[in-house]
Amino acid sequence: MLQVEQLDVFYGDIQVLWDISFHVHNNEFVVLVGSNGAGKSTLMKTISGLVRPKRGSIRFGDVRLDQLKPYEIIKFGLSHIPEGRQLFPEMSVLENLEMGALNPEAKAKRKETLEWVFSLFPRLKERTGQMAGTLSGGEQQMCAIARGLMSLPRMVLLDEPSLGLSPRLTQEIFRLVQEIHHKGMTILMVEQNVKQTLAICDRGYVLENGRIVLEGRGQDLLEDQRVKEAFLGL
Ligand code: ATP
């Protein structure tokens, strides 16, 4: 479904991603793990059109994304849920969710989609009128994921959904991500939380200093000596 080939990305003269190739199949749950500054967010931003690659290609189904603008990419069914949530703090939960459904197709189905996201996140249903900026950290993350789903994407890019959350809320968010996956959503997720993430995904890629150094099934990567040493303190 998503096919990334030989991507090189620079900020000015500084190269941050080297020769990145990977893919995500339809209905797959793939994670990219790596330490701080490895280039995970840059890779997500490149896929969603916020950063333009210098070389390489990004294909989503039959469509080549790497020359398109972010709003065009969303129309093809790819929803980027960025790190740090970026909700509109002075707008209500409902208004934030509605902002996710701006394209005509999503707008037409807004009511049904709202019912669906409220069934996934009942806590948001209880808080539709509350200002998003006053939600707890975990609730804000739920609201950001729910807003990303409102565009009725075929695939979501989830950037560090556990950032700043307690271990309990992190568990809760990961459980919800799994549930969304089991309902048929294709997911590419970036995380620093290596152990828990590899345990729940189908496949994973390890990014180190801007390069993919390992790939495999999540469970196999968890058993890999290099992953154990670099990320699990074993
Ligand atoms: P973290 O887990 O800490 O968020 P990351 O793996 O997501 O890290 P990126 O945010 O992609 O890493 O950053 C990769 C490298 O690119 C870092 O060295 C960072 O300083 C640099 N970088 C990121 N954004 C910019 C920018 N807008 N301009 C210049 N350099 C940047």
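Counting starts at 1 for both ligands and their atoms, following the listed order.
A heavy-atom distance below 4.5 Å is found between the side chains of L214 and L221. Side-chain contact between Q3 and H23 is present, with heavy atoms from C-beta onward closer than 4.5 Å.
Those atoms of ligand 1 with a heavy atom of S41 less than 4.0 angstrom away are 4 (O), 5 (P), 7 (O), 10 (O), 11 (O). Counting atoms of ligand 1 from 1 in the listed order, those under 4.0 Å from a heavy atom of Q192 are 2 (O). Atoms of ligand 1 lying under 4.0 Å from at least one heavy atom of S35, given by number and element, are 6 (O).
By heavy-atom distance, the residue among T42, L50, V33 lying nearest atom 11 (O) of ligand 1 is T42.
Taking the centre of each ring, F60 and F76 stay at or above the 6.0 Å mark.
Using a 4.0 Å cut-off between charged nitrogen and carboxylate oxygen, K111 and E115 do not count as a salt-bridge pair. Salt bridge annotation for R168-E172: absent, with no cationic side-chain nitrogen under 4.0 angstrom from a carboxylate oxygen.
Nearest protein heavy-atom neighbour of atom 5 (P) of ligand 1: K40 N, 3.5 Å. Among all non-hydrogen protein atoms, the one lying nearest atom 30 (N) of ligand 1 is Y11 CD1, 3.3 Å. Looking at atom 4 (O) of ligand 1, its nearest protein heavy atom turns out to be E83 OE2, 3.3 Å. In terms of protein heavy-atom proximity, atom 3 (O) of ligand 1 is nearest to N36 OD1, 2.8 Å. Among all non-hydrogen protein atoms, the one lying nearest atom 12 (O) of ligand 1 is G39 N, 3.2 Å.
In this structure, atom 19 (C) of ligand 1 has no protein heavy-atom contact shorter than 4.0 Å.
Proximity of a side-chain donor or acceptor of E139 to a complementary backbone N or O of S136 within less than 3.5 Å is detected. Remark: the backbone N or O of S92 is paired with a side-chain donor or acceptor of N96 at under 3.5 angstrom.
A donor-acceptor contact under 3.5 angstrom links the side chains of S162 and E191, judged on distance only.
With a 4.0 Å heavy-atom cut-off, ligand 1 is reached by the side chain of V16 but not by its N, CA, C or O. Residue-level proximity to ligand 1 for E160 is carried by the side chain, the only part with a heavy atom below 4.0 angstrom.
Polar contact check, G37 against ligand 1: a nitrogen or oxygen pair lies under 3.5 Å apart.
Only one option out of T113, L97, L120 pairs with L149 in a side-chain contact (heavy atoms from CB on, under 4.5 Å); it is L120.
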